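To start, the structure under review is shown below, and the notes come after it.
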Amino acid sequence: MENFRRVTVFDDKKLLVAHIIDTWRKICAKCIAEQGYMTVALSGGRTPIEAYRALARNAQDLPWKKIHIFFVDERFVSLTHQDSNYAMIRETLLDALSMPNKNIHPVDTNVPEPDVAAQRYEEEMIRHFRLLPGEKPRFDLVVLGLGEDGHTASLFPGDQVLCETERLAMAVLLDTTLHDRITLAIPVINNARHVIFLVEGARKAVALRKVVEEQDMALPASLIEPIDGDLLFLADRDAAGLLSGSISAQ
Ligand code: 6PG
């Protein structure tokens with residue numbers, strides 16, 4: 001794949017955001033022309049907030065009624081909780097768009113256990129994508145972030161969910177003060193047509209180098225390798241500060 005493990009670096013956040021919107025537009029146009037709809041999985045975290053707000057402001061003309069939104073991961077909290085990815089994405093993006101509710105596919109966290117939420121989310125993907133047993137959904141676009149420890153989605157270093165090959169979504173029980181999570185499994189992300197990592201800040205520089213240039217498999221983000229799709233890293237200058245040769249500038 002042409003962009004495999006290559007990073008496009010931006011000096012200006014506005015350019016980075018404009019690039020995401022442009023990429024979203026191109027993927028959307030192709031998806032609508034070829035299949036009549038586009039299905040996207042979005043991440044939480046702070047990095048994509050500005051891009052979501054800009055999409056809400058500048059991409060009202062997209063055929064949102066034909067776009068379906070899923071969530072890369074979710075915290076096991078109510079969907080109105082301040083730490084909910086759904087709440088953040090609704091507030092920054094979805095509330096501004098004229099999208100039917102049926103196009104938005106949150107992780108239902110109003111259940112007793114994270115594992116039940118993961119099971120329900122899996123059932124929602126099976127229903128939406130009309131999957132036969134053993135099939136994986138094919139998202140048209142998956143937007144990912146990168147943690148300082150190399151996590152992406154809610155796939156953390158050393159967690160057993162990294163080895164999952166059958167399930168589509170998994171509960172992630174965190175032995176910390178953080179909330180438990182529900183995450184898409186790696187084979188689902190790797191089945192996408194387009195995967196875009198958004199990476200900002202010097203704090204992420206070591207992880208980005210390990211993922212892009214060393215392919216250090218101890219970092220979950222290194223396990224993201226679309227089998228029949230493309231992978232794009234969009235980074236700011238600080239996050240790309242330790243890269244030696246795999247960058248192109250914008
Ligand atoms: C989440 C994410 C997670 C995130 C990274 C980066 O819900 O938090 O899906 O994987 O993308 O932790 O987070 P920041 O963008 O806040 O640095």
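This is a predicted model, so every value here is computed, not measured. Start at 1 with the first residue, then count along the sequence. Scope of the values below: all heavy atoms of this structure, side chains included, with no hydrogens, waters or symmetry mates. For ligands, and for the atoms within them, numbers begin at 1 and follow the listed sequence.
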- Task: Would you indicate whether the side-chain heavy atoms of I224 and T152 approach each other to under 4.5 Å?
- Result: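 T152 vs I224: side chains touch.
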- Item | Within-4.5 Å side-chain heavy-atom neighbours: L223 and M217 | yes
For ligand 1 and [X], I'd like to know whether there is a polar contact (N/O to N/O, distance under 3.5 Å).
X	result
R75	yes
R203	no
V72	no

Give a yes or no on whether the ring-centroid distance for [X] and [Y] is below 6.0 angstrom.
X	Y	answer
H105	F71	no
F70	Y86	no
H151	F156	yes

Got the closest protein heavy atom to [atom], with its distance?
atom	result
atom 2 (C) of ligand 1	D73 OD2, 3.5 Å
atom 5 (C) of ligand 1	H151 NE2, 3.4 Å
atom 6 (C) of ligand 1	L146 O, 3.6 Å
atom 11 (O) of ligand 1	G145 CA, 3.3 Å
atom 16 (O) of ligand 1	R46 N, 2.7 Å
atom 15 (O) of ligand 1	T47 OG1, 2.5 Å

- Item | Contact with ligand 1 for K204, non-hydrogen, under 4.0 angstrom | yes
- Contact atoms of ligand 1, heavy-atom distance to G44 under 4.0 Å: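 Matching atoms, with element in brackets: 1 (C), 7 (O), 9 (O), 11 (O).
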- Message: Test of understanding: given a 4.0 Å heavy-atom threshold, classify the contact between T152 and ligand 1 as side chain, backbone, both, or neither.
- Response: backbone
- Does the pair D83 and H179 meet the rule for a side chain to side chain donor-acceptor pair (under 3.5 Å), with working shown? CA-CA 9 Å; D83 295 338; H179 308 292; 2.7 Å; yes
- Which of these, A153, G45, S43, has its nearest heavy atom closest to atom 3 (C) of ligand 1?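 Residue with the shortest heavy-atom distance to the ligand atom: A153.
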- With atom 7 (O) of ligand 1 as the reference point, say which of L184, N85, T183, V199 has the nearest heavy atom.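 Of the listed residues, N85 has the closest heavy atom.
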- Which heavy atom of E122 sits nearest a heavy atom of A169, and at what distance?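 Result for this residue pair: OE1-N, 3.3 Å.
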- Query: In this structure, which one of K26, R25, H19 forms a side-chain hydrogen bond (donor to acceptor under 3.5 Å, both in side chains) with D22?
  - Reply: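 That would be K26; it is the only one of K26, R25, H19 passing the side-chain hydrogen bond (donor to acceptor under 3.5 Å, both in side chains) with D22.
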- Task: Supply the atom-to-atom distance Q215 CD to E225 CD, rounded to the nearest 0.5 angstrom.
- Result: 6.0 Å
